[in-house]
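Shown next, in C-alpha cells, is the structure this report addresses.
None of these values were measured; they are calculated from a predicted model.
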Amino acid sequence: MTTTTAPGTRVRVLTLAVAAVAAVTAAAPVLAQRTVKPVLHGRHWVAVTGKPLAATAGALIFARGGNAVDATCAMLAATSTMWDTLGWGGETQALIFDPREGGEVVGINALGAAPTGATVEFYREKGHVYPPEYGPLAAVTPGTPGGLIVMLAHYGTMSLAEVLEPSIQMADGYPIERAQADNMERRREMLQQWPDSARVFLPHLSASGDGDGRAAPRAGEIFRQPDLLDTLRKLVEAEAAALKRGKSREQALAAAYDRFYRGDIAEEFVRGSRELGGLITMADLDRWQVHIEEPVHTNYRGVDVYKLTSWVQGPVMLQALNILENADLRSMGYNSARYMHTLYQAMNLAFADRDFYYGDPYYPPAEPLEGLLSKDYARARYGSIDWKKNDEDARPGNPYDFQEGDNPFLDLLEQWTPIPPAAEAEGEQGFQQASAGRQPLPKMTYEEAFTAGTTSIQAADAEGWVVSVTPSGAWIPAVIAGRTGIGMSQRMQSFVLDPGLNPYNLPEPGKRPRATLTPGMALKDGKPYLSFSVQGGDTQDQNLLQFFLNVVEFGMNVQQAAEAANITSHQMQSSFGAHESRPGDLDVRGDVPPWVRAELRRMGYSVRALDRTSGPITAIWFDRESGTMWGGASDYGEDYGIAW
C-alpha cells in the first residue's frame, strides 16, 4: 500500500523521529546499559585497584582497623610487588580527601626527578630526538617508596610493618597471573641485557633450551623476589629500630624513608644503576622530596572537580570541562556524531595547551595555570571550534591574555607545530625507544605505547577518608638496580628536548617530567561525590573526562560509566617513545552504528572501531542519601574491588 503526503510532510515526520531518537539516546544508557561487573556496595569501606590480590591486601588492612590511606598504602605496595604496570622504583601521584576540620583535598607529588647530568645537551650528544624509553638512561629517581611513607605518616594510622605485611608475603612468593608471566616472556630479549632483571624475571633462563623453551615463570607458578623481600624487610627493620629507641611513629617512618633514600638501600641502588651506565647519584636521592600540594580545580555544573597541577596532565581535564560547559551535551545524545565531535574538538584544544604549557611548577618560569583554567579563556577556545569538520591544526592558545603577565614564549608559540619531530621508535630492541637514525625492530606498537603504563587505586571509608591514586613507572621491561629488587623508572621519556615543543618541559637535574598520571576527585557541596582514576598514558584524561560526563550528564551509575563506550583521540602529541601525533585518528567502540561512523568520516576523522574503549577505570561514587559507597571497576582488564 502506498501513501502520499503533502510536500514537506515526510521530512517533518523524519525530523521529529530523529529528534525523538536523540532524546531517547540521551537518557537510554541510564536505564538500558547492562554491565559485565556489578556495582560494589559498601557501608564501611571500599577498596578497588588493578589486581584482585592487591585489592585483597587493601581489604585485609581495612579488616584490621586501618583507614582508607592505610589500605591505599597496602594496595600500592602490593601492585608494585606484582609489577602491575609499575614497580617499586616508579612514581606515585595521589589525591586525598582529609575529612578533618571541615574537609579538604590535598595532592601528593611523589614523581621522580631527573638525575645529575640529565640535560638537553647530554641526550642530544647521544643522538636522541627524545630521551630514551627504556634502560638506565630512561630513569628518574624512585618516588613510590617515599610517596607511600609520606602518605602513611601524614594521613594514615598504621605502622609501615602493618601496611607492608601483604607485599612482604608476596615478595616471598605468590602465584603469578598469566598476563604478567607472559609479559615477562614476551620481553625476555630485552630483559637479558640487564643481569639483575634477567635473574628476577627469567628464573628458567638457564634451562630454557629444554622443554617449551620458556624463561619466564608460568601462570600460577610461585614467583619469588628474594632481593625485593630483603629490601622491604630492611624498611620495616629501620622503623622497628627507631621505635625501640623511643622515637615517635612519624620519626620511625622517617627512619625507614632515610634508609631507602640515604642508607644502604640507596647505596646499592646507585651502584647497580651506575654499573649499567645510569646517572642517578646518592646526592640525587638525598635531595629528592615528596611534595604535599594544593591541587587545582574547576566547577562543572555545581560539581567541584580536583586534579593535580601541571607536573602531570591533570589540568587538561579541567580545561576540557570548562570548554564543554558552554555546550548542551545532553541534548546532543550520548555518543552521537555531534557529541563525539564536540568532545574531540574540546580535547584538541585542551591537549594542545598541555603539550606546550605544562611542566614542573617548581622550576621557572611559572606555568600560566590561572589563564589556562579561566572560564573566559574556555569560552574563547569554545568559540574557535569548527562544527563542520575536525581541526587538524588545533594549536595552543595564549592564556596570558586571561591573567597577569606576558607570555615569555610568544616566538615559540607562533612557530609551534602539531606534528613533532620524527624519531624512530625501537620498542624493546634497545635502550633508545626514540633515537634518531636507527632501524626499529618494535615489539611495542604505537597503540601499546599510547595506552601503556600505570595502575589505579581507589579507597574510601566510613570516617570520610577518600584516596585516588595513579601510580606508575618501573614497568616491565624494567632495569633492576643491583640486589635491591627495585626496578628503575622510565619517566625521562616524557621530557622533550626541543623548546619549540614545550619550553616548560625540558630536562635538567632535579626537575620532574610532565607525566600523564592523573587521579581525579569531585566534591558536591564540599563533600566527596566521585573518586576516579584509570590506567593508561595519554588516554587517561580522555577516559576520565568521559567517565565523569557519563555520570553527571547522562545519569549512569559508577559501574555503567566505567564500562561505557568512550572515544579516543590520537591527535595530541604522545608523552612516550617517539612522541607521535596522529591528527584526526579516532577510536570508537564496535557497537557505534555505521551511520554515525560514516558521519564522522565525512567530518574528516579516520575512524577505527575497537572491542573496548573505556579504559581500565576504577571509581567510587558516594550516595549521600543512603550514606553508602558505590564502587566500580571496569571490565577492561583485571581491575577488581572489594567492599563492606
Side-chain angles (χ1 to χ4, degrees), residues 95 105 107 294-332 338-359 361 366-387 391 394-405 407 413 504 514 516 518-525 529-530 532-534 538-554 566-567 569 571-572:
L95 291 170
V105 181
E294 180 181 351
V296 290
H297 69 280
T298 195
N299 184 279
Y300 181 86
R301 306 197 192 285
V303 179
D304 292 311
V305 187
Y306 289 80
K307 284 288 194 171
L308 296 169
T309 188
S310 61
W311 54 277
V312 293
Q313 68 176 345
V316 81
M317 177 178 163
L318 307 184
Q319 286 192 246
L321 285 173
N322 285 344
I323 294 169
L324 293 169
E325 196 173 35
N326 295 283
D328 185 356
L329 299 179
R330 197 173 305 175
S331 70
M332 295 179 186
R338 176 82 166 182
Y339 178 72
M340 289 190 263
H341 178 67
T342 303
L343 288 182
Y344 198 101
Q345 297 310 303
M347 291 193 296
N348 279 354
L349 297 169
F351 276 96
D353 283 339
R354 178 205 74 166
D355 290 342
F356 187 78
Y357 288 112
Y358 289 19
E367 291 75 9
L369 277 172
E370 181 184 347
L372 288 169
L373 295 178
S374 160
K375 297 282 189 176
D376 290 336
Y377 179 61
R379 279 189 285 273
R381 298 290 269 167
Y382 178 79
S384 71
I385 292 176
D386 186 332
W387 295 104
D391 180 5
R395 302 172 57 81
N398 187 7
Y400 289 89
D401 289 342
F402 298 85
Q403 66 171 59
E404 292 185 1
N407 192 327
L413 179 62
Y504 299 85
R514 195 278 299 152
T516 54
T518 175
M521 194 170 288
L523 307 185
K524 211 169 186 180
D525 301 321
Y529 172 66
L530 275 174
F532 51 103
S533 58
V534 67
D538 296 282
T539 55
Q540 285 185 40
D541 271 314
Q542 301 189 56
N543 294 145
L544 296 181
L545 171 68
Q546 292 169 83
F547 166 84
F548 178 83
L549 294 173
N550 289 344
V551 175
V552 174
E553 292 285 3
F554 298 104
N566 282 350
I567 66 167
S569 167
Q571 180 150 324
M572 66 287 299

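- Looking only at side-chain heavy atoms (C-beta outward), Y357 and E367 stay at 4.5 Å or farther from each other.
- Ring geometry for H297 versus Y306: interplanar angle under 30°, hence parallel rather than tilted (30 to 60°).
- Residue pairs meeting the salt bridge (Lys or Arg N to Asp or Glu O under 4.0 Å) criterion with at least one partner in residues 339-355, sequence neighbours excluded, are D353-R381, R354-D538.
- The line from CG of L318 to CG of L545 is 10.0 Å long, rounded to the nearest 0.5 Å.
- In this structure, E325 contributes its side chain and R301 its backbone to a donor-acceptor pair below 3.5 Å.
- Atom OG1 in T516 sits 11.5 Å away from atom CE in M572 (nearest 0.5 Å).
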Verdict with reasoning, N543 to F532, per side-chain contact (heavy atoms from CB on, under 4.5 Å) = CA-CA 10 Å; N543 294 145; F532 51 103; over 6 Å; no
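- Atom CG of residue N348 and atom OG of residue S384 lie 9.5 Å apart, to the nearest 0.5 angstrom.
- The shortest distance between side-chain heavy atoms of T298 and M317 does not fall below 4.5 Å.
- The backbone N or O of M347 lies less than 3.5 Å from no partner atom in the side chain of Q571, so there is not a single donor-acceptor pair.
- Across every non-hydrogen atom of Y300 and L329, the tightest pair is OH-CD1, 3.7 Å.
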What donor-acceptor contacts under 3.5 angstrom involve side-chain atoms of residues 518-525, with partners at least two apart or in another chain?
from: T518; atom 1: OG1; to: K307; atom 2: NZ; distance (Å): 2.7
from: T518; atom 1: OG1; to: D541; atom 2: OD1; distance (Å): 3.3
from: T518; atom 1: OG1; to: D541; atom 2: OD2; distance (Å): 3.0

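- Between R379 and D376, some side-chain heavy-atom pair lies under the 4.5 Å cut-off.
- The shortest distance between side-chain heavy atoms of D391 and I385 does not fall below 4.5 Å.
- Nearest heavy-atom pair across L413 and P396 is CD1-CB, 3.7 Å.
- Heavy atoms of other residues, nucleotides or ligands lying less than 6.0 angstrom from CD of E294 number 12 at most.
- The line from CZ of F554 to CZ of R330 is 7.5 Å long, rounded to the nearest 0.5 Å.
- Within the 4.5 Å cutoff, the side chain of Q319 has heavy atoms near those of the L373 side chain.
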Residue pair N407, D401: steps toward the side-chain contact (heavy atoms from CB on, under 4.5 Å) verdict | CA-CA 8 Å; N407 192 327; D401 289 342; over 6 Å; no
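- Considering all non-hydrogen atoms of both residues, P315 and L308 come closest at CD-O, 3.3 Å.
- Residues I567 and Y344 come closest through the heavy atom pair CD1-N, 4.2 Å.
- To the nearest 0.5 Å, atom CG of residue N398 and atom CG of residue L372 are 9.5 Å apart.
- The shortest heavy-atom contact between V316 and Y358 is N-OH, 3.1 Å.
- Nearest approach of P368 to P399, heavy atoms of both residues: CG-CG, 3.7 Å.
- Between W387 and T342, the closest side-chain pair of non-hydrogen atoms falls below 4.5 Å.
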Evaluation steps, side-chain contact (heavy atoms from CB on, under 4.5 Å), between F548 and V303 = CA-CA 10 Å; F548 178 83; V303 179; 3.9 Å; yes
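- Within the 4.5 Å cutoff, the side chain of Q542 has heavy atoms near those of the S569 side chain.
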Any chance you could lay out the side-chain contact (heavy atoms from CB on, under 4.5 Å) test for L549 and L343, step after step, and finish with the verdict?
-> CA-CA 10 Å; L549 294 173; L343 288 182; 3.7 Å; yes
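- At a threshold of 4.5 Å between non-hydrogen side-chain atoms, the residues N566 and T539 do not count as touching.
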